[in-house]
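The structure displayed is predicted, hence computed values, not measured ones.
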Amino acid sequence: QIHLEESGGGSVQPGGSLRLSCATSRSISRINAMAWYRQAPGNQRELVAVITNSGRTNYADSVKGRFTISRDNAKNTMYLQMNSLKPEDTAVYYCTDLGAVWGQGTQVTVSS
């Protein structure tokens with residue numbers, strides 16, 4: 001079974017940027033789609049962005065124009081570039097293969 005591990009989270013001021021990475025334990029070239037989700041305290045886990053193997057992407061309305069999802073099949077890694085961060089982006093961010101596999105999550109905190 002594939003193993004996913006997120007990294008790159010941290011604390012940043014509003015307007016700042018972070019880049020999350022999701023490293024996988026094996027080739028992702030055959031994974032049709034991967035995604036980033038996030039969960040803030042007291043909230044349900046929500047979809048942030050999806051990317052297919054062909055490179056098609058889809059974003060939650062709340063992050064469109066600010067976040068960019070990408071994947072590097074050669075490095076078996078997926079990324080989430082987050083710009084113009086807002087306090088409401090504060091959450092634990094998870095990557096998933098949109099099957100049964102999830103990473104352990106990485107905390108993103110946006111605060112002045």
Side-chain angles (χ1 to χ4, degrees):
Q1 181 174 342
I2 191 172
H3 174 75
L4 305 177
E5 185 170 355
E6 304 92 340
S7 62
S11 295
V12 64
Q13 291 187 341
S17 297
L18 285 173
R19 188 195 196 201
L20 305 183
S21 297
C22 174
T24 68
S25 60
R26 61 175 176 84
S27 174
I28 62 172
S29 61
R30 295 186 178 183
I31 300 177
N32 289 333
M34 298 186 69
W36 288 97
Y37 278 72
R38 67 185 180 186
Q39 187 167 19
N43 291 357
Q44 291 186 335
R45 194 170 294 189
E46 63 174 358
L47 178 65
V48 176
V50 180
I51 185 166
T52 69
N53 205 13
S54 63
R56 293 182 63 182
T57 59
N58 196 21
Y59 298 91
D61 287 344
S62 59
V63 306
K64 281 181 181 176
R66 300 188 299 121
F67 290 12
T68 302
I69 189 172
S70 61
R71 60 192 283 176
D72 186 335
N73 287 353
K75 295 183 178 179
N76 296 328
T77 303
M78 179 177 65
Y79 304 97
L80 185 68
Q81 177 66 44
M82 306 186 295
N83 298 328
S84 301
L85 282 161
K86 304 175 181 180
E88 51 263 43
D89 295 318
T90 296
V92 178
Y93 285 71
Y94 300 89
C95 63
T96 176
D97 65 349
L98 291 175
V101 182
W102 293 79
Q104 83 289 348
T106 185
Q107 176 70 47
V108 171
T109 302
V110 185
S111 173
S112 56

Backbone of T77 reached by a side-chain donor or acceptor of T24 within 3.5 Å:
no

Rounded to the nearest 0.5 Å, how far apart are CD of Q1 and CZ of R26?
8.5 Å

Any donor-acceptor pair under 3.5 Å from D89 side chain to K86 backbone
yes

Can you list the steps and then say if R38 with V63 is a side-chain contact (heavy atoms from CB on, under 4.5 Å)?
CA-CA 12 Å; R38 67 185 180 186; V63 306; 3.9 Å; yes

Dump the intermediate steps for side-chain contact (heavy atoms from CB on, under 4.5 Å) on R71 and M34, then the final yes or no.
CA-CA 9 Å; R71 60 192 283 176; M34 298 186 69; 4.3 Å; yes

Taking it one step at a time, do M82 and R19 satisfy side-chain contact (heavy atoms from CB on, under 4.5 Å)?
CA-CA 6 Å; M82 306 186 295; R19 188 195 196 201; over 6 Å; no

Hey, are the side chains of V101 and T96 touching, using non-hydrogen atoms and a 4.5 Å cut-off?
no

Is there a path of hydrophobic side-chain contacts, each under 4.5 Å between heavy atoms of I/L/V/M/F/W/Y residues, joining L18 to Y79?
no

Nearest 0.5 Å, what's the OG-CD distance between S25 and E5?
10.0 Å

Under a single-linkage definition using a 4.5 Å side-chain heavy-atom cutoff for Ile, Leu, Val, Met, Phe, Trp and Tyr, are Y94 and L98 assigned to the same hydrophobic cluster?
yes

Check for me, please, whether M78 and W102 land in the same ILVMFWY cluster - side-chain distances under 4.5 Å, paths through other members count.
no

On a heavy-atom basis, the closest approach of A35 and L47 is CB-CD1, 3.8 Å

Please examine the side chains of S11 and S111, heavy atoms only from C-beta on, and report whether any two atoms are closer than 4.5 Å.
no

State the CG-CD distance between L4 and Q104, to the nearest 0.5 angstrom.
9.0 Å

Would you say the ring centroid of W36 lies under 6.0 angstrom from that of F67?
no

Enter the distance from Y93:OH to Q39:CD here, rounded to the nearest 0.5 Å.
12.0 Å

Cluster link I31 to L80, ILVMFWY, side chain under 4.5 Å
yes

Distance, nearest 0.5 Å, that separates CD1 of I2 from CZ of R30:
12.5 Å

Give the intermediate values and the outcome of side-chain contact (heavy atoms from CB on, under 4.5 Å) for residues Q81 and N83.
CA-CA 7 Å; Q81 177 66 44; N83 298 328; 2.9 Å; yes

Would a distance-only check, ignoring hydrogens and angles, find a side-chain to backbone donor-acceptor pair under 3.5 Å from R66 to S84?
yes

Cluster question for you: counting only ILVMFWY and a side-chain heavy-atom cut-off of under 4.5 Å, with indirect links fine, are V108 and Y59 together?
yes

Could you measure the distance from the CD1 atom of I69 to the SG atom of C95? Nearest 0.5 Å is fine.
9.5 Å

Side chains of T109 and V12 in contact at under 4.5 Å (non-hydrogen atoms)
no

Measuring only between side-chain heavy atoms, which start at C-beta, is Y37 closer than 4.5 Å to Q44?
no

Side chain of N53, backbone of S29: donor and acceptor closer than 3.5 Å?
yes

